[in-house]
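The structure appears right after this line, and notes come after that.
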Amino acid sequence: MKQVPWVTRVRRGLTALLFAVVAITLWTPSDSRAEYGDIVINNYADAAGMRPAIFPHWFHRIRFRCKVCHADLGFQFKAGGNEITMLKIIDGQFCGACHNGEIAWSVENCDLCHSGKPNTPTQVHESTIQKLAVPVGQGGSKK
Amino acid sequence: MTRRISTLFLTVFATGLLGSAAAIAQDAKGKPAAAAAPAAAPAAAAPATAPATDVNRFNRLLKPANQRNLPPTQDGIHDPASEGTTALMPPLSAFETLPRSNAGNRVNWVKALEDRAINPRWDRLDPNAVPVVMDLNIVREVKGSMPDVVYPHKQHTEWLDCSNCHPAIFIPQKGANQISMAAILLGQKCGVCHGKVAFPVSECRLCHSKKKDGPIARTGQ
């Protein structure tokens, strides 16, 4: 199958764009210093006067495989996409499936989860898109 | 007269030194550059630019090694004023015993599992449950110069359930999915996890791992 020349040109253009994007990805701006995969959850916390919650993937994946949370407990692959609230947590859903005083320390340890800097938006720290977004001019933007 | 001048000079000099010491202490990187400058200058400049950085420093954008795996109090997203933050585990103390890698958390999670350096649970309650690992490689031919992509089910099913990928992210049929680097960089397909939690996109060769069989030259490409 012969290819039309403009298709090739478009493809070359896209590849060039891709490499530019990758190049930017590899040079991380220096203000993202938190652990890869740390998730800030802040749909409601700021508005309710609590610090945003921070979920550390590295810490939990040493103890559980992804399947436990993302298949069995039903966490969607989307930061802030699960609409977690304290009521759900004390009823044993989401974080509350483990942070119940049986598997892990329970909910009265507010500050261990609510440890984010106030006004930090919901994000996956160090994600590709976050790294790409910063040079475009919105430091620490929503993922 | 001369004595008074020298006392005055000494006081100014001492203040300057103290100021620069403070500036150096503030500078997380502890770069010696500040000390070389005239003593009074950094003291004056310090309030304006807190992390005193050299405009012509070697790496302008690359994150220096000493800013990786920082403890929660210094990582920029945790609130250092919160008591909870100081109670959290510093990542490096956990990673000390794990095999390292060049990106992401700088932990080679595949090897950590293989070597049994970690033994994360497959079930929330049962520490003895084991995953059903499926050893099936899918080779995806790549147009252009990059080596072909080998997608290994083995390393994935160690961590994940089939339902994590099938059918929402990938239709379980070889070649039925259109995947491109652009989509991956935008957080779709492989990029749902790679570039977020699993090793990042910068590690090209982990995915592009199969040398092309035939000659690379494809006319018309």
Side-chain angles (χ1 to χ4, degrees), chain A residues 2-3 8 11 14-15 17-18 21-22 25-38 40 51 54 56-68 70-73 77 97-98 103 109-118 120 123-129 132 135 140 143, chain B residues 60-64 67-70 72 74-79 82-85 87-89 91 94-95 98 103-107 109 112 118 120-125 131 143-144 158-161 163-164 169 181-182 184-187 191-197 200-202 204 220-221:
Chain A
K2 272 268 171 187
Q3 252 172 6
T8 318
R11 202 168 272 160
L14 280 177
T15 313
L17 186 75
L18 168 73
V21 159
V22 166
T25 317
L26 294 176
W27 286 299
T28 322
S30 55
D31 66 338
S32 50
R33 283 166 290 140
E35 203 52 49
Y36 182 70
D38 277 3
V40 179
R51 292 184 177 90
I54 296 186
H57 263 105
W58 65 269
F59 183 91
H60 287 86
R61 75 181 292 186
I62 289 175
R63 290 160 177 81
F64 299 95
R65 311 211 185 198
C66 326
K67 173 257 189 191
V68 174
H70 290 293
D72 299 351
L73 297 178
F77 286 136
C98 300
I103 298 173
N109 297 290
C110 318
D111 283 352
L112 289 181
C113 293
H114 292 279
S115 61
K117 278 189 182 155
T120 311
Q123 62 183 284
V124 189
H125 209 76
E126 293 266 273
S127 69
T128 316
I129 290 178
L132 295 176
K143 53 142 219 140
Chain B
R60 198 174 72 82
L61 295 174
L62 183 73
K63 186 161 69 173
Q67 290 198 11
R68 293 172 190 150
N69 306 121
L70 290 181
Q74 295 168 29
D75 73 3
I77 58 170
H78 287 88
D79 186 352
S82 162
E83 270 173 41
T85 301
L88 296 175
M89 185 174 193
F95 298 164
L98 305 183
N105 299 117
R106 298 186 178 263
V107 169
W109 293 105
I118 57 173
R121 289 188 188 183
W122 177 251
D123 186 88
R124 183 170 57 103
L125 300 166
K143 297 198 184 88
E158 285 276 3
W159 291 98
L160 293 149
D161 190 66
S163 69
N164 285 136
I169 308 177
M181 260 343 269
I184 294 173
L185 286 163
L186 289 175
V192 169
C193 302
H194 292 282
K196 303 264 180 65
V197 177
V201 184
S202 58
C204 317
Q221 268 304 303

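Looking at A/Asp38, only its side chain comes within 4.5 Å of chain B, counting heavy atoms on both sides. Heavy atoms of B/Pro131 lying under 4.5 Å from chain A belong exclusively to its side chain. For A/Phe59, the part lying under 4.5 angstrom from a heavy atom of chain B is the side chain only. Using a 4.5 Å cut-off between heavy atoms, A/Ile103 contacts chain B through its side chain alone, with no backbone atom that close. Heavy atoms of A/Arg51 lying under 4.5 Å from chain B belong exclusively to its side chain. With a 4.5 angstrom heavy-atom cutoff, B/Val192 touches chain A only via side-chain atoms. Contacts between A/Ile54 and chain B at a heavy-atom distance below 4.5 Å involve the side chain alone, from C-beta outward. Interface residue B/Leu125: only side-chain heavy atoms are found under 4.5 Å from chain A.
Side-chain N or O atoms of B/Arg124 include none that pairs as donor or acceptor with a backbone N or O of A/Val68 at under 3.5 Å. Under a 3.5 Å cut-off, the side chain of A/Arg65 and the backbone N or O of B/Glu158 do form a donor-acceptor pair.
By the salt bridge (Lys or Arg N to Asp or Glu O under 4.0 Å) test, A/Asp72 pairs with A/Lys67, sequence neighbours left out. In this structure, B/Trp122 has no ring-ring contact (aromatic ring centres under 6.0 Å, His included) partners at least two apart in sequence or on a different chain.
Taking the six-membered ring where the residue is Trp, A/Phe77 and A/His70 present tilted rings, their angle falling between 30° and 60°.
If you take NE2 on A/His57 and CG on B/Asn105, they are separated by 10.0 Å, rounding to the nearest 0.5 Å.
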